[in-house]
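The chains referred to below are lettered A, B, ... by the order of the sequence lines, with proteins before strands, and numbering in each begins at 1.
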Amino acid sequence: MTTQSPLHEVHTELGASFTDFAGWSMPVRYSSELAEHRAVRETAGQFDLSHMAEIEVTGPEAGHALNYAMVGNLAGIKVGRARYTMLCHETGGVLDDLVVYRPGEERFMVVANAGNAAVAVTELTERASGFDAVVTDRSAETALIAVQGPRAAGILRGLLESVELDGGLDALKYYAATPAVLGGHELLLARTGYTGEDGFELFCPAAEAPAVWRRVAEAGEPQGLLPAGLACRDTLRLEAGMPLYGNELTVWLTPFEANLGRLVKFDKSGDFVGRTALEKHSEPEQVLAGLRGTGRRAPRHGYRVLDGEREVGEVTSGALSPTLGYPIAMAYLPPRLSEPGTSLSVDIRGRPEQVEVAALPFYKRAK
Amino acid sequence: MSNIPENLSYTKEHEWLSAADGVATVGITSFAAESLGDIVFVQLPAVGDTITAGEPCGEIESTKSVSELYAPVTGEVVEINEAAADAPELINSDPYEQGWLFRVRTESMPELLDAQEYSKVVEEGE
């Protein structure tokens, strides 16, 4: 039994192909994932991310509870801003990577991956139990729509009736969020995303999501906005060098191995789950690196990375990059082999293909 | 709804064949192309290769997945579609005409599915 998004009917009307993703039936593509990918890079794309979990943490000690529960300094987030962080196991392994928003002094919203929603809710509830804070799972009643791409701001600017932030949408910084009204619908407008482009994420009540989606689609269409599915979301985030839980991040890996050690704030006051283990883990034996191939055969998840005949690592994600035109991948490698320019190969279904270690991200938008 | 032309023969591996004068033209069906998504790379057998029915003879890769191309018949490859190799999007846009893959000279045609039988395979797969 799969869960349907509050936008399911809209997707069906648009002729989407669906895929099962973490127990949700979500659009994998509407027509062509390459066209959708290109739209996000050149104009704009609209994604349904309602499968993601929204967990509200409120109360006078909400910030302290989050500081104990996760590796970042979440109590230090300014009201109206957001931060990328990790929920770790006692062993230091990553249970989920999340974005924490602070819409109010005593109100935080934690956005977790669909596949880790249950773990995130359980762990946050348990870890917050010693604090004056309440954890509430708002996932079922909340829809999430992302509008990403160079024209996203232009499309939304014309649609928003009001933005609480002084200066409006244009004053909204990357990793910031503000209440706003679009088509009469109150929503939380965040300048965040997972595509490597400028873009926004709109949190709104599930029942109002179809109306919000249609307003954006109507206004965006003349601008080249396309509905975009999970297939292009994956190639977009890969080009942008962003990790995907289950591929680059697992409970068997620490944030240090994923090159995200900077997220672990040892200098924050108080203990946090995983601190002791992470303090010992700061010299990883394997690190996440980028690979760039030649030809057109792409390394894929699970393929072996070879140094000569010897297996030295494993590919976590890979694809023929739609923007760059050559194969790109991420892989775990020993630090001594992770320098950009290092020549290695990947066993692609029995045939070794030459690759070179490349700096991440593969793609960076022009400012 | 997938397009399944009446005049072609099919395999359970979602390939189509059109045979004339001992030469079979082979491609993948629109159902296969749609399931794969945008095809970005195709590795075809070489002209002169002998391929064996039921054995892999190439690869077809989309951004999301890769699948093997199975030889639907035994015989010698006499021609490959260079246009489709250069522009694999032809396989998505026109799988039964411009997106054909290769031609095989064969002495015996195996038992294949007709359009109706193949549409049942597709329905079960959906």
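- Ring planes of A:W213 and A:H11: perpendicular class, angle over 60° (limits at 30 and 60°).
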#### Entry: Pair B:Y118-B:E15, side-chain contact (heavy atoms from CB on, under 4.5 Å): steps then yes or no
CA-CA 10 Å; B:Y118 176 65; B:E15 285 156 333; over 6 Å; no

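- Counting heavy atoms from C-beta on, the side chains of A:Q148 and A:Y194 never come closer than 4.5 Å.
- In this model, no donor atom of one side chain and acceptor atom of the other lie less than 3.5 Å apart for A:E314 and A:H301.
- Note that CD of A:E36 is 10.0 Å distant from CG of A:L230, once rounded to the nearest 0.5 Å.
- Each of A:G295, A:A319, A:S32, A:S31 has some count of heavy-atom pairs under 4.5 Å with chain B, and the biggest count is that of A:S32.
- No donor-acceptor contact under 3.5 angstrom links the side chains of A:T43 and A:R151, judged on distance only.
- Shown here is B:E79, whose CD atom has more than 12 heavy atoms of other residues, nucleotides or ligands within 6.0 Å.
- Under the 4.5 Å side-chain criterion, counting only non-hydrogen atoms from C-beta, B:T29 is in contact with B:Y10.
- In terms of heavy atoms, A:A258 sits closest to A:L249 at CB-CD2, 3.5 Å.
- Residues that satisfy the ring-ring contact (aromatic ring centres under 6.0 Å, His included) test with B:F102, not counting sequence neighbours, are absent from this structure.
- Other residues, nucleotides and ligands place no more than 12 heavy atoms under 6.0 Å from the CD atom of B:E107.
- Contact residues of residues 38-61 of chain B toward chain A are B:D38, B:V40, B:F41, B:Q43, B:E59, B:E61 (heavy-atom distance under 4.5 Å).
- A side-chain N or O of A:E201 and one of A:T192 form a donor-acceptor pair less than 3.5 Å apart.
- Contacts between A:S17 and chain B at a heavy-atom distance below 4.5 Å are absent for every atom of the residue.
- Identified by a heavy-atom distance below 4.5 Å to chain A, the contributing residues of residues 62-69 of chain B are B:S62, B:T63, B:K64, B:S65, B:V66, in residue-number order.
- With salt bridges taken as basic N to acidic carboxylate O contacts below 4.0 Å, one links A:R237 and A:E248.
- Residues of residues 344-360 of chain A lying under 4.5 angstrom from chain B, judged on non-hydrogen atoms, are A:R349, A:R351 by number.
- Counting heavy-atom neighbours within 6.0 Å of A:E309 CD, excluding the residue itself, gives a total of 12 or less.
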